[in-house]
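Residue numbers begin at 1 in each chain, while the letters A, B, ... track the order of the sequences.
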Amino acid sequence: MNWSGLQRVVAGIAAALVLAALLRTLTRQEPGIVRLLNVSYDPTREFYAEFNREFAQLWQQKTGETVRIQQSHGGSGKQARSVIDGLRADIVTLALGYDIDAISSKGGLLPSDWASRLPSNSCPYTSTIVFLVRKGNPKDIQDWDDLVRSNVTVVTPNPKTGGGARWNYLAAWGHALHKPGGSPATARDFVSKLYRNAPVLDTGARASAQTFSERKIGDVLITWENEAMLLLREHGTNRFALVRPSESILAEPPVAWVDRVVTRKKTAEVAQAYLTHLYSDAGQNLAAKHFYRPSNPAVAARYEQQFPPMRLFTLAEIAGSWAKAQAEHFADGGIFDQISSR
Amino acid sequence: MAGTTQKRWTSGQAKSRRGTEDPWYIRWILIGVAALFAGVFLILPLANVFGQAFAKGWQTAFGSLTDPDTIAATKLTALATLISVPLNTVFGVAAAWLIAKFEFRGKAVLTTLIDLPFSVSPVVTGLVYVLLFGLRGYFGPWLDRHDIQIIFAVPGIVLATIFVTFPFVARELIPLMQAQGSDQEQAALTLGATGWQTFWHVTLPSIKWGLLYGVILCTARAVGEFGAVSVVSGHITGITDTLPLRIEKLDKEYNSVAAFSIAALLAVLALLTLGLKTWLEHRQQRELDLAQTSSDSPDEH
């Protein structure tokens, strides 16, 4: 350490310069560039990656403004939590209405009637819950009733933490209600048996898909239709097969702009244009390309081959509202806690 | 101190213990079990990381490292490391000096506080930052009014990294400086050296290997930290992703080649650290032994 004074000064300046350069590149705010942050849930990664490119191009042509859309993905509930805690999302595109409700009620970041601001209850695309089984369907799984057989191992995420996981649970619940002689008591028995067949409850839909496809656990994966079709495309049909049950739930992942953030960042106009573009023909086609069911019936008709008609029931039919479903099923001490502690 | 004394004790007794040594096959079975364990739990996963990274050829592997989002993650990791390591080095030296060379009230409390980041789970650390700086946290509303973002932005990641790498340098230096005692410093002071001169010419040269060792451990942890950073990151691609977070994200995007390529890069860094660490440990042990023989008075044995 026999450095002369000059050497020490030079080394100090060099270190400071490196730090300053790094800080600059990381916090640079290019002028004339609008930044939007879209906070979304897990399986939308591929869809929004493509949609963002398309929208940025369109916006540039229309206004001359460069817009850069940043993405954050994770479990829906966790993402909502981050937005409430201060993650500055201009736009939220989450797995279920309950999570945006929470941003409104717990965080006060957008009005409680957010769902009525865009068409189709603010759901530009829908999906449903289906099964993915191993190639050749060795356990012959055709419908919900096969999932409660004692020799079947089910992979599904934890409804306490995952958005898709709640749709899975409610789809099973709805099916049990609709069976002859079905009642809340029999439905409870049904889901209890089903979750007894599930050895691992991952935190989110993507994690469960990886448990099933990469760790090769389980006979059947209950998941979003779009996630199942994506896995089929990624791995080909030589590993998995998709099974559509006789009926399932209409899963409605909603979108909204976050008023408090867009007001502050002055991005209200572009954020709303972004969400409106989801409803355009181009946006709807892109959603279908990424295996989401378009909400526009005219566009949906074009993809009937891809999405064979299924009997779909809504959340309102079987559980009322999200607030009610949450309190009854997923809150601490709710039905899910009761059946899993047994 | 006890460790080195013990070592000298057993080496002196090596001959007399030979008679009670275990038979050769027991030794080989034990060595075999240990080697198998290391192979299955350490070497196999590491080899797998490299195997997966180069599964689609080395061009794909290297190409995935130059993806703009990955480069942004590399920069952020470098920034967090370059800020936290020097800060913790200065702090660590100061704290170790204070604890090893002075007696004062509350010393035990300070020592415990330094160890705190080791005992607290990184996830809890992250949540504490959310509790402090989150929009609904203690300072959140004030920060929000002044348009300052701590969590879900770069400052939060730097803060979390500083916290989890806090003890490494101090923990490394305290035993070393305690073993060395303060005789040399006292000698320097009586010869008329100023406090700063004493530190720079006497204390620092005698702890430099230990210090380097601490800095390396600190750097390794800063680069690899996942838990605390994950909680405060917000996971904005290209903005608040560090390298470990980027690995997780790529893996979730079914891009395993890219994920394992970055993992391989971090593994190479870790292996380099390990090599450097072993070499420094060797140097440091020699220094510690030297300090021991020169400071131990004969009646202690």
With a 4.5 angstrom heavy-atom cut-off, is it the side chain or the backbone of [X] that approaches chain B, or both, or neither?
X: A/Ile84; value: both
X: A/Asp42; value: side chain
X: A/Lys78; value: side chain

[Y] and [X], any side-chain heavy atoms less than 4.5 Å apart:
X: B/Tyr254; Y: A/Glu214; result: yes
X: A/Gln70; Y: B/Thr240; result: no
X: B/Leu135; Y: A/Asp85; result: no
X: A/Arg88; Y: B/Gln149; result: yes

### Task
Give, for atom CD1 of B/Ile236 and atom CG of A/Leu37, the distance between the pair rounded to the nearest 0.5 Å.
4.5 Å
### Query
Counting only N and O atoms by type, is there a donor-acceptor contact under 3.5 Å from the side chain of A/Ser72 to the main-chain atoms of B/Gly234?
yes
### Closest approach of A/Gln210 to B/Lys252 (non-hydrogen atoms, all atoms of both residues)
NE2-CA, 3.6 Å
### Task
Name the option with the most non-hydrogen atom pairs under 4.5 Å to chain B; the candidates are A/Ala207, A/Ser82, A/Gly74, A/Pro43.
A/Ser82
## Note on the structure
With chain B, the option among A/Gln71, A/His73, A/Glu234, A/Gln79 that has the most non-hydrogen atom pairs under 4.5 Å is A/Gln71
Check whether more than 12 heavy atoms from other residues, nucleotides or ligands sit under 6.0 Å from atom [atom1] of [X], and answer yes or no.
X: B/Trp97; atom1: CH2; value: no
X: A/Glu65; atom1: CD; value: yes
X: B/Lys56; atom1: NZ; value: no

### Message
Using heavy-atom distances under 4.5 Å, tell me whether B/Ala153 contacts chain A through its side chain, its backbone, both, or neither.
### Response
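Neither part.
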## Note on the structure
Honestly, the part of B/Asp147 sitting under 4.5 Å from a heavy atom of chain A is both
### Message
Check A/Arg206 with B/Asp251, please: is the shortest side-chain N to carboxylate O separation under 4.0 Å?
### Response
no
### Salt-bridge present (A/Arg264, B/Asp144; N to O < 4.0 Å)
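Salt bridge flag = yes for B/Asp144 with A/Arg264.
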